[in-house]
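Just follow the structure's listing: the first ligand is 1, and inside any ligand the first atom is 1.
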Amino acid sequence: MNLYTPHPVRVAEVIDETVDTRTLRLEFKDPAFAESFDFKAGQFGEYSVFGAGECTFCIASPPTRRGYIECSFKKVGKVTNAMRELEVGDTMGFRGPYGNHFPLDRMEGDNLLFIAGGIGLAPVRCVIWNALDLRDKFRDVTIVYGARSVGDLVYRRELEEWAGRDDVKLWQTVDPGGETPDWKGEVGFVPSVVEKAEPKAENTYAIICGPPIMIKFTLPVLIKLGFTKDRIFTTLENRMKCGLGKCGRCNIGPVYVCKDGPVFTAAQLEDLPPEF
Ligand SMILES: Cc1cc2nc3c(=O)[nH]c(=O)nc-3n(C[C@H](O)[C@H](O)[C@H](O)COP(=O)(O)OP(=O)(O)OC[C@H]3O[C@@H](n4cnc5c(N)ncnc54)[C@H](O)[C@@H]3O)c2cc1C
Ligand code: FES
């Protein structure tokens with residue numbers, strides 16, 4: 001089969017997360033392919049709307065939940081606008097999974113700290129559910145999630161579920177001015193809430209995804225708390241085309257983000273050329 005041929009998927013559910021962000025639950029139309037399909041947390045795919053084109057999203061649902069995949073996307077341009085037109089029962093395309101993944105196997109027996117901003121929660125949500133579905137394998141699970149305003153928080157039902165669990169510590173925050181009168185979470189930027197949460201660095205892995213500015217100011221906080229750069233993982237979103245290491249669209253120096261990434265440690269990012 002041609003590597004670029006998408007597999008037809010049926011839109012099984014449409015969930016509005018915010019005014020401009022939507023989640024689609026997708027089911028493979030070929031039952032044999034659906035049965036054999038597997039991936040790891042952190043991998044991504046190329047999603048296509050016939051006649052509009054392809055775009056890249058992480059797989060936002062965990063590999064522990066079989067029979068479907070989910071993607072969450074922000075409406076920004078041609079393909080994402082076309083995806084907004086899709087309804088339950090419509091067909092679109094998916095090819096993947098591509099890229100490397102978060103090494104959850106290596107993290108077993110340790111604490112997990114998840115830090116996300118805005119729609120950056122999509123790839124992190126995949127790892128969170130993956131870990132929670134295998135809860136006995138991990139120690140403390142802490143989540144720090146921030147958005148610009150209360151209306152920009154994604155996965156609201158899941159945030160409520162995590163907040164209600166006694167085996168998860170959830171810190172939610174919105175930027176100053178983004179709170180509503182009934183907001184019970186923190187008000188402040190993600191890095192300062194991480195500082196306040198004071199997660200212990202010992203035997204802990206940090207997984208972080210969000211706007212570059214959030215990552216830039218959160219990294220020094222983690223280092224100050226004692227995290228080493230090889231225990232801090234993030235995922236990059238460089239513009240991609242093939243997703244397969246063939247077109248050269250996504251590279252940073254010698255590194256192909258689609259093949260060598262998208263998951264990197266803070267130590268690996270430090271070694272990349274300054275164009276990053
Ligand atoms: C590995 C990976 C995972 C991703 N996961 C998600 C996800 O889970 N949810 C999500 O909403 N988005 C995600 N993205 C970004 C997403 O691919 C783009 O937003 C999408 O391709 C835009 O398609 P479009 O045709 O609607 O926009 P276009 O019409 O192509 O572009 C609209 C605008 O968005 C900008 N843009 C397009 N792609 C990117 C990009 N990769 N980075 C920065 N700016 C871009 C363009 O420069 C332009 O200004 C991911 C990207 C990568 C590489
Ligand atoms: S997207 Fe084509 S080489 Fe990475």
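- With rounding to the nearest 0.5 Å, the separation of CG in Asp20 from OG1 in Thr80 is 9.5 Å.
- Side-chain atoms of Ser72 and Tyr155 include a donor-acceptor pair closer than 3.5 Å.
- Side chains of Met107 and Asp105 form no contact here, defined as non-hydrogen atoms less than 4.5 Å apart.
- Numbered from 1 in the order shown, with element, the atoms of ligand 1 that lie under 4.0 Å from a heavy atom of Ile119 read 9 (N), 11 (O).
- Taking the six-membered ring wherever Trp is involved, the centroid distance between the rings of Phe33 and His7 falls below 6.0 Å.
- Given atom 25 (O) of ligand 1, the protein heavy atom at minimum distance is Val79 N, 2.9 Å.
- Ion pairing between a basic and an acidic side chain is recognised when a charged N comes within 4.0 Å of a carboxylate O; Glu195 and Lys224 show such pairing.
- There is a side-chain donor-acceptor pair under 3.5 Å between Thr23 and Glu17.
- Of the listed residues (Lys75, Arg239, Lys241, Lys74), the one carrying the non-hydrogen atom nearest atom 39 (C) of ligand 1 is Arg239.
- The single protein non-hydrogen atom nearest to atom 12 (N) of ligand 1 is Phe57 CD2, 3.6 Å, given as residue, atom name and distance.
- The closest non-hydrogen atom to atom 7 (C) of ligand 1, taken over Ala122, Ser72, Cys55, comes from Ser72.
- Scanning the protein heavy atoms around atom 53 (C) of ligand 1, the nearest turns out to be Asn238 O, 2.9 Å.
- Screening Ile119, Val124, Ile215 against Cys209 for a side-chain contact (heavy atoms from CB on, under 4.5 Å) leaves a single residue, Val124.
- Put simply, the residue from Pro97, Cys126, Cys71 that forms a side-chain contact (heavy atoms from CB on, under 4.5 Å) with Ile59 is Pro97.
- Here Leu112 contributes atom CG and Arg139 contributes atom CZ; the two are 10.5 Å apart, rounded to the nearest 0.5 Å.
- Ligand 1 lies within reach of Leu236, whose nearest heavy atom is under 4.0 Å from it.
- Summary of contacts: the protein heavy atom closest to atom 26 (O) of ligand 1 is Thr80 OG1, 2.4 Å.
- Closest to atom 33 (C) of ligand 1 among all protein heavy atoms lies Val76 O, 4.2 Å.
- To the nearest 0.5 Å, atom CG of residue Asp271 and atom CZ of residue Phe264 are 11.5 Å apart.
- Shown here are the protein N/O/S atoms lying under 2.8 Å from atom 2 (Fe) of ligand 2, water excluded: Cys242 SG, Cys247 SG.
- Side chain of Gln43 to main chain of His101: no donor-acceptor pair is present (N/O by atom type, distance under 3.5 Å, no hydrogens or angles).
- Within 6.0 Å of the NZ atom in Lys29, the count of heavy atoms belonging to other residues, nucleotides or ligands exceeds 12.
- For atom 27 (O) of ligand 1, the closest non-hydrogen atom on the protein side is Gly77 CA, 3.4 Å.
- Proximity of atom 20 (C) of ligand 1 to the protein is indicated by at least one non-hydrogen atom lying closer than 4.0 angstrom.
- Close N/O approach between Cys58 and ligand 1 is found [any backbone or side-chain N/O within under 3.5 Å].
- Using a 4.0 Å threshold on non-hydrogen atoms, atom 49 (O) of ligand 1 does not count as touching the protein.
- Of the options Thr21, Thr23, Thr56, the smallest heavy-atom separation from atom 2 (C) of ligand 1 is shown by Thr56.
- When Arg84, Glu237, Arg249 are ranked by how near their heavy atoms come to atom 15 (C) of ligand 1, first place goes to Glu237.
- Nearest-heavy-atom check against atom 29 (O) of ligand 1 across Lys78, Glu54, Arg22, Met240 picks out Lys78.
- Counted by atom type alone, Glu158 and Trp129 present one or more donor-acceptor pairs between their side chains at under 3.5 Å.
- Looking at every heavy atom in both residues, Leu244 comes nearest to Arg95 through CD1-NH1, 3.9 Å.
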